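What follows is one structure encoded as structure tokens, with my remarks underneath.
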Amino acid sequence: MRLSKAFVPTLKEIPSDATIPSHQLMLRAGLMRQLTAGVYAFLPLGYRAIRKASQIVREEMNAIGAQEFHLPALNPEALWVQSGRRNIPNFILSIKERDLVLAPTHEEVISWIASSGIQSYKDLPQIWYQIQMKFRNEPRPRSGVLRGREFLMKDSYTLDASWEGLDKSYDAHLEAYKKIFTRCGLNFFVVGASSGAMGGTGSQEFMIESLHGEDTVALAGKSGYAANLEIAKSDVPKIGRLPSDNKIEEIHTPNVRTIKQLMEFLNVDHMRLAKSLVYRHNGKPLLILMVGNDQLNESKLVSALGGGAIEPMDATELNKLTGADAGSIGPIGLEGFRIIADRRLEEANGLVSGANKNDYHLINIDLKRDVEVDGYFDLRTIEPGEPAPGTTEPLKIANGIELGHIFKLGTKYSEALNVKFLDETGELKPVIMGSYGIGIERIVACHIEQNRDDNGISWGKSLAPYHVHVIPVNMNSKETVLQANQMYRRFTEAGLETIFDDRENLSAGFKFKDADLIGMPYQVIVGEKGLKNGQVEIKKRRTGERIMVSIELAVSEVQRLLQE
RNA sequence: CGGGGUGUAGCUCAGCCUGGCUAGAGCGCUUGCUUUGGGAGCAAGAAGUCGUAGGUUCGAAUCCUAUCACCCCGACCA
């Protein structure tokens with residue numbers, strides 16, 4: 001590719017709208033331009049990187065026997081009503097002129113195809129995938145391509161006749177994903193994750209660690225524990241039982257609202273304070289008991305409740321139902337509430353909690369004796385430094401960017417959308433599904449986050465839009481131009497993807513800066529100094545190392561470096 | 001959706017508080033000459049109805065109102 005004829009609009013200055021490095025560099029290196037919030041146009045160089053990433057994904061998917069589909073982005077709205085996902089908040093973008101929506105993902109369409117196409121256990125298993133644009137009603141797009149309103153995804157869907165089959169399909173994806181992200185030159189890790197609104201029985205996320213990530217993860221390097229904070233566990237002890245068996249007493253606690261005030265007022269450890277949190281679950285009142293300073297983890301709460309909608313109860317409503325304000329609520333004598341508690345409180349006694357009467361607390365509460373607790377669940381958010389499960393290793397908390405997510409969906413969609421098959425015994429059963437996503441643009445953005453320096457992008461070999469960047473130092477030197485042209489021709493003929501900076505009237509410095517910014521792995525610098533000795537210079541972008549080689553050996557040397 | 005910020009030339013920004021000549025700078029762009037190993041120099045030039053609409057005023061980029069867009073923090077996040 002001759003730069004003199006190419007569209008590679010590099011920018012010297014940092015575009016003011018971009019705040020994270022990958023976003024800034026993707027704009028500065030001329031990979032893409034923003035059309036409107038959360039929507040980007042990929043320019044030729046950026047699109048090449050996207051295609052490289054897609055191709056790696058495609059190869060590894062094909063290697064596990066997956067078959068590529070091309071699915072409609074326009075979906076009938078009714079299909080989403082049927083699956084129950086039409087009204088998930090901030091999810092679907094719709095078309096004004098018709099009852100059509102833009103597909104945010106493709107479980108529904110896949111299920112529609114499978115419902116007529118899959119009839120017998122003999123048709124299973126299947127792995128189907130697509131690499132296409134998806135659309136989402138994102139309330140706040142941000143961080144460049146990391147969170148957009150349209151985004152390129154590889155999504156695959158597995159159809160199995162048995163749960164064992166699903167495990168196999170899932171594990172195949174787990175391994176394929178590791179290969180994909182390794183080939184993409186990413187330093188990634190896998191975490192246990194919440195299935196969230198997707199439903200299902202298990203899921204894992206592939207992440208890179210980054211200050212700019214939106215996810216928070218708990219990590220323990222040595223023991224290998226890694227989990228999204230939404231589900232992360234730690235070995236904190238239960239608070240257990242005290243030997244005493246005192247009766248409940250009411251204590252006047254004027255103006256005591258917070259756990260901290262209560263600790264000071266009663267002069268007790270926070271561990272004996274049972275904090276009451278009041279929510280509505282699918283509209284029904286719910287009281288949650290937590291150990292004093294522990295934070296409720298809403299993701300864990302939703303899982304514990306088996307899904308559904310939760311919302312904190314607002315103050316006036318709470319007062320109407322209990323006669324007391326938040327801060328004075330407790331489990332004793334509370335009517336019309338389901339009561340659940342965090343595991344740390346299991347069978348605990350000697351607890352302090354609100355009396356459901358403003359300015360009063362109860363002491364000596366025994367959950368076993370005095371309260372009908374409808375289940376103990378792990379509901380707390382872990383804190384850094386707590387021991388990883390089954391170890392003494394302290395957990396570290398870090399931010400991460402999610403690259404991929406794999407789900408065991410089970411039968412949620414096959415039941416809603418009638419994807420059934422006849423098994424060996426002639427019984428009609430729902431197909432067992434899995435769903436597995438990878439954000440293609442995120443691969444590229446994360447690759448840049450991890451492969452850059454002050455001068456620009458430093459592409460790894462697998463995603464680099466081109467392999468080699470040939471730079472003639474002085475376009476006024478006939479010899480330089482002649483040799484550089486030959487160099488370009490030789491590289492191209494050898495099958496290497498090559499950029500040739502044949503632009504006239506640009507200083508050498510300008511070309512070097514541009515080459516470093518767009519970041520191809522190897523620069524071949526053709527200058528009068530080297531040519532005197534029949535040599536050109538190969539510069540490794542990543543290390544800055546320079547090697548002088550004879551003109552004849554330049555191509556084979558770069559080929560050798562690319563093999564390394 | 002709550003809070004904050006910004007909209008002035010292709011890009012980065014100044015000017016706005018305290019209204020007043022023909023609206024500025026750097027980069028980029030065009031032409032010519034020079035230059036060519038780390039974002040060159042000189043000269044000449046093109047380019048903006050100051051986001052949009054309304055208002056106040058003799059006069060608005062500047063003050064007021066509304067509106068749109070974009071960015072950041074939060075909420076949300078398949």
Side-chain angles (χ1 to χ4, degrees), chain A residues 9-20 23-24 27-28 30 33-39 80 83-93 102-108 134-144 146-149 151 153 155 193-200 203 205 212-216 228 230 298-299 302 309 311-312 401-402 404-407 409 412-413 435-437 439 454-456 471-477 480-481 501 503-518 523 525-531 536-537 539 544 546 548:
Chain A
T10 55
L11 302 171
K12 187 152 80 175
E13 294 184 88
I14 299 172
S16 54
D17 281 350
T19 53
I20 74 168
H23 188 194
Q24 293 172 349
L27 295 170
R28 285 191 56 211
R33 287 292 184 266
Q34 176 173 330
L35 179 62
T36 182
V39 179
W80 291 83
S83 72
R85 294 210 285 183
R86 175 63 187 94
N87 292 315
I88 293 177
N90 303 326
F91 190 46
I92 290 182
L93 283 168
L102 288 166
T105 174
H106 281 81
E107 279 83 5
E108 278 74 359
K134 313 246 169 175
F135 302 85
R136 181 168 173 192
N137 187 15
E138 183 58 54
R140 178 149 100 83
R142 71 186 95 170
S143 303
L146 290 182
R147 180 161 290 276
R149 292 213 168 103
F151 46 92
M153 288 281 285
D155 260 338
S194 163
S195 320
M198 293 289 286
S203 87
E205 288 167 326
H212 308 109
E214 299 181 323
D215 288 279
T216 311
N228 194 302
E230 291 173 346
E298 291 197 351
S299 304
V302 172
E311 49 169 349
I401 300 171
E402 179 186 345
H405 201 158
I406 56 181
F407 290 94
L409 286 179
K412 176 174 169 176
Y413 298 95
S435 130
Y436 317 83
D454 291 345
N455 293 317
I471 304 170
V473 168
N474 182 350
M475 292 297 283
N476 289 331
S477 153
T480 300
V481 172
D501 193 347
R503 291 175 294 180
E504 313 256 359
N505 297 321
L506 286 183
S507 69
F510 190 97
K511 291 186 176 183
F512 292 145
K513 288 286 186 188
D514 238 16
D516 284 350
L517 175 60
I518 67 178
Q523 295 168 15
I525 299 161
V526 182
E528 285 164 307
K529 283 190 220 164
L531 289 178
V536 294
E537 180 180 328
K539 178 185 158 189
R546 295 160 191 272
M548 298 301 300

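It should be emphasised that the depicted structure is a prediction, and the values quoted were computed from it without experimental measurement. Letters A, B, ... are given to chains in the order of the sequence lines, protein chains preceding strands, and every chain is numbered from 1.
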Any non-hydrogen side-chain atom of A/K539 less than 4.5 Å from a side-chain atom of A/D516?
yes
Worksheet item: Roughly how far apart, to the nearest Å, are B/rG32 and B/rC72 at atom C1'?
Response: 46 Å
- A/F151 near the nucleic acid: base, sugar-phosphate alone, or nothing, with a heavy-atom cut-off under 4.0 Å? base
In 5'-to-3' order, the base (B), backbone-only (S) or no-contact (-) status of each nucleotide in nucleotides 39-47 of chain B, using a 4.0 angstrom heavy-atom cut-off, is BS-------
A/E537 atom CD is separated from B/rG38 atom P, nearest whole Å, by 12 Å
When every non-hydrogen atom of A/F151 is compared with those of A/P104, the smallest separation belongs to CZ-O, 4.4 Å
Check: If we take the P atom in both B/rG24 and B/rG48, what is their distance in whole Å?
Finding: 13 Å
Nearest-angstrom distance, P atom, B/rA60 to B/rC17 = 14 Å
A/K529 atom NZ is separated from B/rG37 atom C1', nearest whole Å, by 5 Å
- Query: Using atom P of each nucleotide, how far apart are B/rG54 and B/rC71 to the nearest Å?
  - Reply: 28 Å
Any side-chain heavy-atom pair of A/R28 and A/I14 under 4.5 Å
yes
**OP:** Can you check whether any acceptor in the base of B/rC77 is under 3.5 Å from a donor in the side chain of A/R136, or vice versa?
**Re:** no
Applying salt bridge (Lys or Arg N to Asp or Glu O under 4.0 Å) to A/R147 and not counting sequence neighbours gives A/E138, A/E214
To the nearest angstrom, the CD-P distance between A/E528 and B/rU35 comes to 13 Å
Are A/F91 and A/T105 packed together at the side-chain level, in the sense that at least one heavy-atom pair is separated by less than 4.5 angstrom?
yes
Mind checking the P distance from B/rG15 to B/rA9? Whole angstroms is fine.
15 Å
Subject >> No-H, no-angle donor-acceptor pair, A/E13 side chain to B/rG28 base, under 3.5 Å >> reply: no
When the P atoms of B/rA25 and B/rC68 are compared, how many Å lie between them, rounded to an integer? 35 Å
Tested for side-chain hydrogen bond (donor to acceptor under 3.5 Å, both in side chains) against A/E537, the lone hit among A/K529, A/Q523, A/R546 is A/R546
Atom CG of A/N474 and atom P of B/rG38 are separated, to the nearest Å, by 12 Å
### Query
If the C1' atom of B/rC13 is compared with that of B/rA23, how far apart are they to the nearest Å?
14 Å
Heavy atoms, side chains only, cut-off 4.5 Å: are A/I92 and A/N137 in contact?
no
* Which part of the nucleic acid does A/P15 contact within heavy-atom distance under 4.0 Å: base, sugar-phosphate only, or nothing? -> sugar-phosphate
### Message
A side-chain contact here means heavy atoms from C-beta on lying under 4.5 Å apart; do A/N455 and A/K513 qualify?
### Response
yes
Any N/O pairs under 3.5 Å between the protein and nucleotides 67-72 of chain B? List them or say none.
from, atom 1, to, atom 2, distance (Å)
B/rC70, OP1, A/T36, OG1, 2.5
B/rC70, OP1, A/A37, N, 3.1
B/rC70, O3', A/Q34, NE2, 3.2
B/rC70, O2', A/D17, OD2, 2.9
B/rC71, OP1, A/Q34, NE2, 3.2

From CG of A/N455 across to P of B/rG37 the rounded distance in Å is 18 Å
pair_partner(B/rC17), Watson-Crick or wobble, both distances < 3.5 Å, evaluates to none
Take atom C1' in B/rG45 and the same atom in B/rG7, then report the distance between them in whole Å. 28 Å
key: Polar side-chain contact A/D516-B/rG38 base: donor and acceptor under 3.5 Å   = yes
Check: Any side-chain heavy atom of A/V481 within less than 4.5 Å of one from A/P472?
Finding: no
From CD of A/E504 across to P of B/rC33 the rounded distance in Å is 13 Å
Rounded to whole Å, CG of A/N137 lies from P of B/rC77 at a distance of 13 Å
| query | So do the side chains of A/L146 and A/I20 get within less than 4.5 Å of each other, counting heavy atoms only? | reply | yes
A/L531 atom CG is separated from B/rG37 atom C1', nearest whole Å, by 13 Å
(Q) Within the 4.5 Å heavy-atom criterion, are A/V473 and A/E528 side-chain neighbours or not? (A) no
